[in-house]
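Quick note: numbers below take in every heavy atom, side chains included, and nothing from hydrogens, waters or symmetry partners. No experiment lies behind these values; they were computed from the predicted model shown.
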Amino acid sequence: MARPQNKEDLIQASNDHFAELFQRIQSIPEPLRTNEFEFPGLNRSIRDLICHLHEWHLLLENWYTTGMNGEKPAMPAEGYTWRTTPDLNKSIQEKYSRTEFSVGIELVKGSHERMMELIESHTNEELFTKKYYKWTGTSSLGAYFVANTSSHYAWANKIIKKYENYLKRNKIG
């Protein structure tokens, strides 16, 4: 699926990739859903992936609220730069390391819904016109939503697909 270029495609891609994510999760036998698997830089579990998605939703919500209030948001997060995103992601994994799998599922479902509500509240022009909002810099608000929804879900699907393939190759589950 191509990168969304308008509101309708963003909503469709986000919802489709999100639904695919949960289809993939459901296809993995329940006892194997909490296993860690190899991931560049660190090991991850499905819980880690879904909590990662949730936390990035929260980051975007914060950027959005701060930016829409006329202030400059700390991006990607206070104390981090885009170059130190791997450190941020590691801190996210640590933050949610004791989170129950089922809680992570509910968290990401709730934050996904809030993302969709924010997207729905804007016109196509507001979403996809570069520099429409001062806080988005040279980008568009839609680009932030694409990165934190549809593209991020597609990335998570690829990771889980690799895990599925590992399980199949090794006849596990």
Where the side chain of [X] meets the backbone of [Y], is there a donor-acceptor pair that is under 3.5 Å apart?
| X | Y | value |
| --- | --- | --- |
| N124 | N6 | no |
| N62 | L58 | no |
| K7 | E120 | yes |
| N148 | L60 | no |

Is a salt bridge present between R114 and E61, judged by a nitrogen-to-oxygen distance below 4.0 Å?
->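 So R114 pairs with E61 through a salt bridge.
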Return the orientation label for the F145 and H122 ring planes: parallel under 30°, perpendicular over 60°, tilted otherwise.
->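 Correct class here is tilted.
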Any N89 side-chain heavy atom under 4.5 Å of H52 side chain |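 In contact.
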Please say which of F128, W56, W63, Y132 ends up in a ring pair (Phe, Tyr, Trp, His ring centres under 6.0 Å) with Y144.
->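 The single option meeting the ring pair (Phe, Tyr, Trp, His ring centres under 6.0 Å) with Y144 is W63.
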Measure centre to centre between the rings of Y153 and H112, then say whether the value is under 6.0 Å.
->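 Judged by ring-centre distance (under 6.0 Å), Y153 and H112 do meet the cut-off.
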Inter- and intrachain pairs under salt bridge (Lys or Arg N to Asp or Glu O under 4.0 Å), touching residues 146-166, at least two apart |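 Counting only pairs at least two positions apart or across chains, the salt bridge (Lys or Arg N to Asp or Glu O under 4.0 Å) contacts touching residues 146-166 are R24-E164.
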Honestly, is K168 close enough over Y163, meaning NZ or CZ under 6.0 Å from the six-membered ring centre and within 45° of the axis?
->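 No.
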Can you list the steps and then say if H17 with W155 is a ring pair (Phe, Tyr, Trp, His ring centres under 6.0 Å)?
-> CA-CA 9 Å; H17 287 307; W155 165 82; over 10 Å; no
Using the salt bridge (charged side-chain N to carboxylate O under 4.0 Å, His left out) rule, take R44 and E36 through it: C-alpha gap first, then chi angles, then the decisive distance, then the call.
-> CA-CA 5 Å; R44 291 220 180 179; E36 284 193 345; over 6 Å; no
Residues 76-88 side chain polar contacts: donor-acceptor under 3.5 Å, at least two apart:
{"from": "Y80", "atom 1": "OH", "to": "S91", "atom 2": "OG", "distance (Å)": "3.3"}
{"from": "T81", "atom 1": "OG1", "to": "R83", "atom 2": "N", "distance (Å)": "3.3"}
{"from": "T81", "atom 1": "OG1", "to": "T84", "atom 2": "N", "distance (Å)": "3.3"}
{"from": "T81", "atom 1": "OG1", "to": "T84", "atom 2": "OG1", "distance (Å)": "3.4"}
{"from": "T84", "atom 1": "OG1", "to": "T81", "atom 2": "N", "distance (Å)": "2.8"}
{"from": "T84", "atom 1": "OG1", "to": "T81", "atom 2": "O", "distance (Å)": "3.0"}
{"from": "T85", "atom 1": "OG1", "to": "W82", "atom 2": "O", "distance (Å)": "2.7"}

Residues which pass side chain to side chain contact (heavy atoms under 4.5 Å, CB included) with R169, listed by chain and number, not counting sequence neighbours =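 Once residues adjacent in sequence are excluded, the partners of R169 under the side chain to side chain contact (heavy atoms under 4.5 Å, CB included) criterion are N165, Y166.
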State yes or no: do Y96 and L53 share one hydrophobic cluster built from I, L, V, M, F, W and Y residues joined by side-chain heavy-atom distances below 4.5 Å, directly or via other members?
->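 No.
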